[in-house]
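Any value given below was found using the heavy atoms of this structure, including those in side chains, with hydrogens, waters and symmetry copies removed. Proteins come first, then strands; the chains are lettered A, B, ... in the order of their sequence lines, and each starts at number 1. Here the structure is a predicted model, which means the values were calculated and not measured.
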Number of protein chains: 2
Amino acid sequence: MNIGDVARQSGVPAKTIRYYEDIGLIRPNRSENGYRAFTENHVHKLAFLGRARALGFTIEDCRTLLSLYEDENRESMQVKAVAEDHLRQIEEKIAKLQSMRATLAELVEKCAGDHRPDCPIIEDLSPERLAK
Amino acid sequence: MNIGDVARQSGVPAKTIRYYEDIGLIRPNRSENGYRAFTENHVHKLAFLGRARALGFTIEDCRTLLSLYEDENRESMQVKAVAEDHLRQIEEKIAKLQSMRATLAELVEKCAGDHRPDCPIIEDLSPERLAK
DNA sequence: ATTGACCCTCCAGTAACTGGAAGCCTCATA
DNA sequence: TATGAGGCTTCCAGTTACTGGAGGGTCAAT
């Protein structure tokens with residue numbers, strides 16, 4: 001199978017597939033003409049990667065998950081550990097963003113948004129107010 | 001004032017200040033010895049930048065906000081537009097992360113996390129289940 | 001004169017791709 | 001058989017916002 005077919009079937013862009021080969025996530029063979037030659041298994045792995053990435057796992061997480069995916073003797077606790085760790089990081093990001101949103105929403109609401117220069121947003125960002 | 005003082009007063013690391021100069025956010029003069037020479041105003045701008053960055057504004061947003069900060073004839077609607085746009089993007093990110101969290105939390109909960117290989121997380125990521 | 005704390009520039013690396021240039025390969029059609 | 005449209009290849013550069021480090025001047029005090 002050529003890269004285009006694999007891209008269509010897995011949902012992962014050809015460019016990204018080449019990148020994944022570069023960093024050693026997949027190892028397709030080569031045809032005589034130099035084209036990458038993929039198998040069904042590669043399609044599966046790529047789809048797996050696509051899903052894992054969609055859930056926000058890093059490439060390094062994906063590397064780990066992929067090896068667990070292929071390891072018949074894996075222990076589910078290994079997988080769970082990776083997922084829990086990632087979940088924690090997602091929650092941290094959410095918390096940080098929610099805090100930003102709260103501040104920002106408040107400022108936006110307070111700002112008249114008219115033709116005058118007075119602006120609570122600028123004032124909040126300005127350090128002069130500290131000196132006063 | 002040398003970069004170290006400015007870094008301490010503004011809370012922005014020296015390395016970052018140099019970077020901000022590189023990209024034209026601030027323009028300190030130079031002393032005879034080649035050292036950057038900062039003024040109080042630079043400290044203010046840098047503190048402003050630090051706060052804006054902490055609220056998640058991009059560097060390009062910061063560039064705009066900084067020019068509005070310095071513009072006595074600004075219209076608050078200009079500031080508000082930038083902030084509202086950023087707020088929208090934050091909300092998008094939050095939504096995306098919450099969706100990931102939901103999926104991930106569900107999977108983590110379903111996973112036994114023991115010594116057996118069976119794992120709902122791996123199964124969810126696997127494409128084979130589609131074929132079944 | 002030497003030490004230690006500053007300062008300088010320039011290069012490389014981070015995360016995960018994405019776009020584009022330059023150039024083969026292949027197949028179908030004229 | 002020539003040609004043109006895709007598809008494939010590699011390699012280079014750019015993205016975001018810094019951060020770390022090497023190699024080397026500067027300054028104040030001892």
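Applying the ring-ring contact (aromatic ring centres under 6.0 Å, His included) test to pairs two or more places apart or on separate chains, those with a residue in residues 74-105 of chain A are A:Phe57-A:His86. A ring-ring contact (aromatic ring centres under 6.0 Å, His included) check over residues 88-108 of chain A, counting only residues at least two apart or in different chains, returns nothing. Applying the ring-ring contact (aromatic ring centres under 6.0 Å, His included) definition to pairs two or more places apart or across chains, none involves residues 95-118 of chain B.
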For a quick test of your reading: what N or O donor-acceptor pairs under 3.5 Å do the side chains of residues 7-19 of chain A make, sequence neighbours left out?
unit_1: A:Arg8; atom_1: NH2; unit_2: A:Asp5; atom_2: OD1; d: 3.3
unit_1: A:Ser10; atom_1: OG; unit_2: A:Val6; atom_2: O; d: 2.7
unit_1: A:Ser10; atom_1: OG; unit_2: A:Val12; atom_2: N; d: 3.1

Using atom types as modelled, flag every donor-acceptor pair under 3.5 Å from a side chain in residues 90-99 of chain B to any protein atom, sequence neighbours excluded.
none

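Of the inter-residue distances, the one linking A:Leu49 atom CG with B:Leu125 atom CG reads 9.5 Å to the nearest 0.5 angstrom.
Contacts of A:Tyr35 classified as ring-ring contact (aromatic ring centres under 6.0 Å, His included), with partners at least two apart in sequence or in another chain: none. Taking the side chain to side chain contact (heavy atoms under 4.5 Å, CB included) definition, one finds that A:Arg27 meets it with nothing, sequence neighbours left out. Partners of A:Ser76 under the side chain to side chain contact (heavy atoms under 4.5 Å, CB included) rule, at least two apart in sequence or in another chain, are B:Cys111, B:Ala112, B:Asp114, B:Cys119. With sequence neighbours excluded, no residue forms a side chain to side chain contact (heavy atoms under 4.5 Å, CB included) with A:Glu32.
Across its full length, the helix from C:dA1-D:dT30 to C:dA30-D:dT1 shows an angle of 40° between the axes of its 5 terminal pairs at either end, rounded to 10 degrees.
Taking only side-chain nitrogens and oxygens, A:Thr16 comes nearer than 4.0 Å to OP1 or OP2 of C:dT18.
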- Task: Sugar-phosphate means primed atoms, P, OP1 and OP2; the rest is base. With that split, encode nucleotides 5-16 of chain C 5' to 3' as B, S or - using protein heavy atoms under 4.0 Å.
- Result: -BSSB------B
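Using a 4.0 Å cutoff on non-hydrogen atoms, no part of residues 89-101 of chain A comes near DNA chain C.
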